[in-house]
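One structure is given here, and the rest of the page talks about it.
Atoms within a ligand are numbered from 1 in the order they appear, just like the ligands themselves. Any value given below was found using the heavy atoms of this structure, including those in side chains, with hydrogens, waters and symmetry copies removed.
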Amino acid sequence: MHAPPMPITDRLCLSETSLLTVDLSTLVQNWRRLAERGAPAQCSAVVKANAYGLGLEPVMRALLAAGCKTFFVATASEGERARAVSKEAVIYVLDGLAPGAAPRLKAAELRPVLNSLAEIGEWADAGAAALHFDTGMNRLGLAPAEAGAAADLMQQTAPALVMSHFVSAQSPDDPRNARQIDAFASIAKHFPGAPGSLCNSSGIFLPSNPHLDLTRPGYALYGGNPTPGVANPMRAVARLEALVLSTREIAAGESVGYDATWTATRPTRLATVALGYADGLPVRASSGPSRPPAEALVAGRRRPIIGRVSMDYVALDVTDAGKVKRGDWVEILGEDIGVDELAVRAETIGYEILTRLGGRCARRYVGG
Ligand SMILES: *Cc1c(COP(=O)(O)O)cnc(C)c1O
């Protein structure tokens with residue numbers, strides 16, 4: 001179940017002014033939902049970038065307890081942190097093999113996702129590894145035409161996994177999806193018997209179900225919507241709340257915040273909230289003329305952000321919001337206002353919102 005709101009007394013006991021709550025039971029629910037949707041493929045978990053900002057160790061522990069066996073990180077140091085959590089987990093490093101990194105990966109029994117013939121050569125027979133083919137992203141991975149050469153190099157140890165990555169699985173009608181699926185099928189013929197993997201979060205929901213042997217969700221695990229434009233099948237895992245530090249009344253004509261980017265057109269009541277861009281609230285969530293304002297929940301009702309988000313503070317217009325006062329808590333992200341909504345209002349993507357959250361906030365893990 002989703003955690004009930006933290007009692008205000010508990011939050012005050014923390015003497016904190018902002019709080020990121022991560023609901024590990026909802027995380028596990030999301031993982032199970034993705035595993036079901038992708039079955040019979042095995043469902044892994046992508047926990048790079050500190051589990052999209054939510055905390056590698058607690059996230060990994062919760063998913064291990066739920067039966068997740070395979071994890072993807074980006075870097076060797078993330079891999080070492082993941083290895084410290086579990087001796088048994090299969091851990092792939094998406095960066096592959098940085099020059100000279102083989103001994104380090106080997107020491108922690110990490111599996112590189114080999115991205116080139118040079119990396120295959122350097123890894124030689126140092127242990128299990130994945131092969132990553134680039135079927136259209138033009139970012140990392142072997143070219144499809146290198147499949148034969150890669151297979152020759154890998155004759156001693158068959159790849160533990162052969163994978164590729166979708167360019168725009170979040171747009172199910174994009175013809176690139178089918179082209180990438182076809183390209184991958186041709187590549188896979190060079191590696192008979194090796195497990196295949198194509199799907200990130202959105203890929204899992206493609207109508208053609210290209211789940212193969214292993215799926216690799218990240219964003220959707222943490223509550224992001226893998227099916228933009230359609231209701232989110234996932235539930236929010238992160239809740240971000242902050243304290244009202246002060247309130248004030250200003251007259252029509254007065255401005256709010258740096259550079260006076262917002263001016264009151266009527267007598268206005270403001271709440272100054274202890275959350276800013278140093279906590280992960282993007283400056284782009286500032287009010288602007290070109291789009292609807294980002295909002296926060298104040299006593300269950302939405303109130304707009306006004307003026308410029310500063311490093312430590314943001315102002316809300318709480319005129320007509322009843323008795324908002326110093327010491328009240330407001331919710332910036334949660335079940336109601338999700339990461340995808342804030343991302344649109346802040347002209348970014350939910351992935352960036354998540355990975356930048358809570359550098360300074362108090363953190364609380366519930367449901368673990
Ligand atoms: C980040 C990443 C994923 C996870 O993608 P989501 O869209 O967050 O589900 C999967 N595979 C690769 C190669 C990645 O880099």
Side-chain angles (χ1 to χ4, degrees), residues 27 30-31 33-35 37-38 41-54 56 59-60 63 68 70-76 78-79 82 90-97 110-116 119 129-142 159-172 174 176-177 180-181 183-184 187 195-206 210-228 232-234 236-238 338-340 343 348-357:
L27 169 86
N30 285 346
W31 182 75
R33 166 102 185 69
L34 293 162
R37 167 81 198 155
Q42 190 200 130
C43 189
S44 72
V46 179
V47 293
K48 63 194 180 189
N50 197 28
Y52 290 50
L54 300 189
L56 173 72
V59 160
M60 218 181 132
L63 293 174
C68 183
T70 302
F71 296 84
F72 288 83
V73 295
T75 69
E78 290 173 351
V90 172
I91 301 165
Y92 286 104
V93 175
L94 290 164
D95 281 0
L97 208 54
L110 303 173
R111 299 183 176 185
V113 175
L114 299 171
N115 284 309
S116 67
E119 289 184 20
L131 286 188
H132 182 195
F133 283 89
D134 190 328
T135 53
M137 183 78 103
N138 288 317
R139 186 175 71 166
L140 277 179
L142 293 135
L161 186 70
V162 180
M163 56 178 265
S164 189
H165 194 42
F166 283 118
V167 172
S168 41
Q170 66 283 0
S171 309
D174 192 318
R176 284 180 188 83
N177 295 317
Q180 289 190 269
I181 292 167
F184 189 79
I187 290 162
S197 176
L198 259 181
C199 289
N200 66 336
S201 297
S202 294
I204 293 170
F205 291 86
L206 283 174
H211 302 139
L212 307 180
D213 302 292
L214 180 80
T215 57
R216 308 188 308 269
Y219 189 52
L221 281 176
Y222 309 108
N225 187 357
T227 57
N232 189 354
M234 316 317 298
V237 171
V339 283
D340 293 280
T348 178
I349 57 174
Y351 292 71
E352 189 180 41
I353 299 280
L354 276 179
T355 53
R356 296 198 171 180
L357 271 190

Side-chain donor-acceptor pair under 3.5 Å between [X] and [Y], yes or no?
{"X": "T70", "Y": "Q42", "value": "yes"}
{"X": "S197", "Y": "R216", "value": "yes"}
{"X": "S202", "Y": "Q170", "value": "no"}

Using a 4.5 Å cut-off on heavy atoms from C-beta on, say whether the side chain of V46 contacts that of Y52.
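Result yes, sub-4.5 Å side-chain heavy-atom pair found.
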With side chains defined as the heavy atoms from C-beta onward, is the minimum distance between P233 and P226 less than 4.5 Å?
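They are in side-chain contact.
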With sequence neighbours excluded, residues passing side chain to side chain donor-acceptor pair (under 3.5 Å) with N200:
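So N200 forms no side chain to side chain donor-acceptor pair (under 3.5 Å) with any residue.
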With a 4.0 angstrom cut-off on heavy atoms, strictly below it, pick out the residues next to ligand 1 and order them by chain and number.
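If the criterion is a heavy atom under 4.0 Å, then ligand 1 touches V46, K48, Y52, L94, R139, M163, H165, N200, S201, R216, P217, G218, Y219, Y351.
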